J.: 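Dropping a structure here in structure tokens format, bear with me for questions.
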Amino acid sequence: MKIAVCVKQVPDSWAEKKMASDGRLDRAGVDAVLNDLDEYAIETALSLVETHSPTGETGEGSGHTITVISMGPARASEALRKALSMGADDAILVSDEALAGSDALATSKILASVIRDGGYDLVLCGTESTDARMSVIPAMLAERLGYAQLTFAGKVAIAGEKIEISRQTEFGVEEMSAELPAVVSVVEKINEPRYPSFKGIMASKKKALLTKSLADIGLTANEVGSSAAWSAVKDSLPRPPRGAGVKVTDDGHGGEQLVAFLAERKLI
Amino acid sequence: MISVLILVDSAEGKVTKATAELATFGSRLGEVIAVICSSDAALLLPQLSTMAISKTITVTGVEFGKFSTGALSAALAAIVEKDSPAAVLIASSARGKEIAGRLAVRIDSGILTDVIDLDAELVATQSVFGGSTTVHSAVVHGTPVITIRGNSVEAIIGSGPLSHEDFPFIYDGADRARVISQAPAVKGGRPELTEAAIVVSGGKGTDGNFAPVEALADALGAAVGASRAATDAGWYPHSLQVGQTGKTVSPQLYVAAGISGAIQHRAGMQTSKTIVAINKDPEAPIFDVADFGVVGDLFAVLPQATAGVTARKSS
Ligand SMILES: Cc1cc2nc3c(=O)[nH]c(=O)nc-3n(C[C@H](O)[C@H](O)[C@H](O)COP(=O)(O)OP(=O)(O)OC[C@H]3O[C@@H](n4cnc5c(N)ncnc54)[C@H](O)[C@@H]3O)c2cc1C
Ligand SMILES: Nc1ncnc2c1ncn2[C@@H]1O[C@H](COP(=O)(O)O)[C@@H](O)[C@H]1O
């Protein structure tokens, strides 16, 4: 089985974020990390291989490989290295000056082209990138590739050519199934991502991390990047901070004070 | 006349409030055409009679429930091609966003998600970074595909559809994923989390006892939510988690009890109109976003508030 995991480097989700004057996320001064939601996808890939590989190990000899794929600036290679140190086999970074300002349509086009090229059976994603927060890339990849779409999976199992997932939706618990190839996004409840071991970190330094330009993947600049972005930010303003409200300490009347506040605001 | 497509959103045979909100935004732009992609069409149609909708289109020929989002986006794409609307509006649920994403790819158009306001020139307002920044943007290519966050507008009453069309459609089957079983969520008598005007949420501070949270919610006619610490502990269903990896809610009133207010929790509730917090720790970050905070024990404050609300209602 050839597995691809799409991972993004994002500003640390624990940090406050703001917009730069060009209408893009201000990335300077915020630590960049591997999107924490993508770690669950990496862990899913590793545990699937551990279940299905005869030796419990991944890599060429086992018949199973895990490739991590990202689109982003050169430093996104740090996020890929982290994925390699967790146990993925190799990595592909699509990075090109012309990619700055790409929207979800362009991002999905680029990722789809790399995935098509590699002929993966299973594509794993997180449910959202903590900066863009669109949750659309996995569905867009399925559409572009013609792969089955199985999103928001809380459980994933593979038997032969068949994949089954279980997920929690607005409608309750759903079991879904499809023949491979498939695009699967996983929720954060699915597992507990492992920490890279010392051995894993050392080994990752020798693993292949291939950087590709747009030309390498057969796309041109006017198909992607901000010149081809199909939505544009007109302006952005920090929302006026919520004026620090009233804070009372409960002296036996806290609940009554709360009710008085709700009544004053006409909420009850 | 300019027309706008909206995708009718429904759950278990009931048209959701989100649909009326989509119609309201759509009517700012032109004539609203409501598309029903559901095997329950006959059940849903009459429910649109007081919405700001001019026409309905029922897509016949596919059993949508059995497929994932592929068939829906393909059907919408075919209608876009036929009717050339000015925009397509879809509810910003997890499923709605996926349909929108696939549709945007199919019709080669720009997409905006989680929009909270839309003007007659199709300039959209979004609230990003957990509500700390407001962005105005527009689609500059193709037929704008826009998903609208629930509770962003007061839905208007309209005359309901004047005409109806059946749209025969055969799905090319590009998405081969199938639903094999569905166990409906167990529903209490409470309103749906993302639609509710009031949400009362409990966190780790409840120590697994949600009774005081539920009692206040019921007195207020509110939905109950939970922090991830509470859903991880198994105290409350994951489907009711509020936050970055749970639901995004934007009610008139949000009450957080025993919730510290971690950035991932705030990302899902910070755009609520009024926020109230009850927490033992005066330094809890939830107080930074609260309009009214009570530093105290939720097991004392909530029952007293519940009694107060009940007393007011009966007087
Ligand atoms: C990738 C990722 C995604 C996440 N997604 C989400 C998400 O979607 N939603 C979410 O909520 N979190 C999410 N989190 C987790 C988040 O970081 C916090 O850990 C979580 O929100 C904490 O929940 P809590 O406030 O209930 O618990 P705690 O942080 O433990 O806070 C409990 C609070 O209760 C107070 N308290 C205790 N006893 C009482 C009492 N008797 N009366 C009053 N107050 C009391 C304490 O003072 C404390 O402030 C995510 C984290 C990660 C890494
Ligand atoms: N630039 C990117 N490179 C690689 N994967 C990405 C990128 N952007 C998004 N993804 C994947 O798509 C998922 C959903 O992202 P989004 O639709 O941006 O919220 C993420 O969790 C990643 O798995």
Side-chain angles (χ1 to χ4, degrees), chain A residues 13-14 16-19 37 104-105 108 127 130 134-136 139-140 142-144 146 148-152 168-179 182 187-189 230-239 242 245-250 254-259 261 263 265 267-268, chain B residues 11 68-70 93-95 97-98 101-102 104-106 109-113 123 129 131-142 174-185 238-239 244-245 252-253 263 274 276 287 289-296 300-301 304-305 308-309 312:
Chain A
S13 74
W14 297 88
E16 301 287 345
K17 298 177 221 58
K18 56 183 198 314
M19 283 294 210
L37 298 177
L105 282 150
S108 64
T127 47
T130 53
M134 289 182 78
S135 288
V136 293
M140 284 181 164
E143 180 68 41
R144 288 194 187 277
Q149 175 197 323
L150 302 162
T151 41
F152 296 95
Q168 173 92 51
T169 71
E170 287 88 325
F171 309 108
V173 177
E174 265 176 13
E175 314 277 332
M176 295 185 72
S177 97
E179 300 283 308
V187 299
E188 91 286 5
K189 307 256 159 182
W230 291 337
S231 53
V233 172
K234 291 186 173 304
D235 60 61
S236 77
L237 352 145
R239 203 180 64 159
R242 278 182 179 272
V246 184
K247 189 156 89 180
V248 300
T249 301
D250 183 31
E256 287 158 13
Q257 287 168 295
L258 200 167
V259 175
F261 169 80
R265 288 279 178 113
L267 288 161
I268 47 171
Chain B
S68 113
T69 53
S93 58
R95 185 175 160 85
K97 291 206 274 190
E98 293 189 342
R102 298 188 70 131
V105 167
R106 273 195 181 249
S109 295
I111 173 173
L112 296 170
T113 55
V123 174
F129 310 149
S132 64
T133 303
T134 302
V135 176
H136 292 110
S137 27
V139 166
V140 292
H141 186 283
D175 181 11
R176 300 165 334 283
R178 269 166 194 280
V179 175
I180 45 182
S181 81
Q182 231 168 10
H238 176 48
S239 57
Q244 183 174 353
T245 47
Q252 293 298 325
L253 172 63
I263 198 157
T274 300
V276 169
F287 288 124
V289 296
D291 300 285
F292 190 85
V294 183
V295 180
V301 177
Q304 192 178 65
V309 171
R312 274 183 174 265

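Reminder, nothing fancy here: chain letters follow the sequence lines and each chain counts from 1. These numbers were taken from a predicted model, which means no experiment stands behind them.
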J.: Give me the atom names and distance for the closest heavy-atom approach of A:L150 to A:A178.
T.: CD1-CB, 4.2 Å
J.: Given heavy-atom pairs under 4.5 angstrom as the criterion, report whether the side chain, backbone, both or neither of B:V105 touches chain A.
T.: both
J.: For atom NZ of A:K247, is the number of surrounding heavy atoms from other residues, nucleotides or ligands below 6.0 Å larger than 12?
T.: yes
J.: I need the residue from B:L112, B:V123, B:V301, B:T134 with the largest number of non-hydrogen atom pairs under 4.5 Å to chain A.
T.: B:T134
J.: With a 4.5 angstrom heavy-atom cut-off, could you sort out which part of B:A138 is near chain A: side chain, backbone, both or neither?
T.: both
J.: Among B:G296, B:G101, B:G293, B:G110, single out the residue with the greatest number of heavy-atom pairs under 4.5 Å to chain A.
T.: B:G293
J.: Check whether B:Q304 reaches the backbone of A:E256 with its side chain - one donor and one acceptor, N or O, closer than 3.5 Å.
T.: yes
J.: Go through A:M140, A:M134, A:E175, A:E174 and name the one with the most non-hydrogen pairs under 4.5 angstrom from chain B.
T.: A:E175
J.: Please check if the side chain of A:S135 supplies one atom and the backbone of A:T127 the other of a donor-acceptor pair under 3.5 Å.
T.: yes
J.: Where on A:L105 is there a heavy atom nearer than 4.5 Å to chain B: the side chain, the backbone, both, or neither?
T.: side chain
J.: Run the side-chain contact (heavy atoms from CB on, under 4.5 Å) check on A:Q168 and A:V187 step by step: do they pass?
T.: CA-CA 9 Å; A:Q168 173 92 51; A:V187 299; over 6 Å; no
J.: What's the shortest heavy-atom distance between B:H136 and A:D235, and which atoms?
T.: ND1-OD1, 2.7 Å
J.: Would you mind checking which part of A:I268 comes under 4.5 Å of any heavy atom in chain B, side chain (CB onward), backbone (N, CA, C, O), both or neither?
T.: side chain
J.: Looking at A:T151, A:L37, A:V248, which one has more heavy-atom pairs under 4.5 Å with chain B than the rest?
T.: A:V248
